[in-house]
Amino acid sequence: MAGGWAKDGAVSEQIEASIGDELARLKARRQPVGESFTHCAECEEPIPEARRKAVPGVKLCVDCVSERDARVQQRGGINRRASKDSQLK
């Protein structure tokens, strides 16, 4: 399906490489460690025991984690492998 000077399967290889990069980035994220807090570090609401067992080392309640994750900006949609489509944006 590749055209021009690209070899067959080049598009699939780019997609697989991008997915692999993103999975590696997600695995490298820091995970909580240590003792779970009984109360949220930000709002001081009690953290349910089920959450403390499910996520070892948890420090925040579900509401505070959701709020913090909503503030995180999405990564730019730049194709590092320099396809023609990404250069047109």
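Values reported hereafter were calculated over all heavy atoms of this structure, with side chains retained and with hydrogens, waters and symmetry mates removed. Just so it is clear, the structure is predicted and the values come from calculations on it, not from any experiment.
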Let me check something: any side-chain donor-acceptor pairs from residues 37-49 under 3.5 Å, sequence neighbours excluded? List them with distances.
| residue | atom | partner | partner atom | Å |
| --- | --- | --- | --- | --- |
| E49 | OE2 | K53 | NZ | 3.3 |

In Å, rounded to the nearest 0.5 Å, how long is the span from NZ of K59 to CD of E35?
-> 8.5 Å

Looking at CG of L23 and OG of S18, how far apart are the two atoms once the value is rounded to the nearest 0.5 Å?
-> 11.0 Å

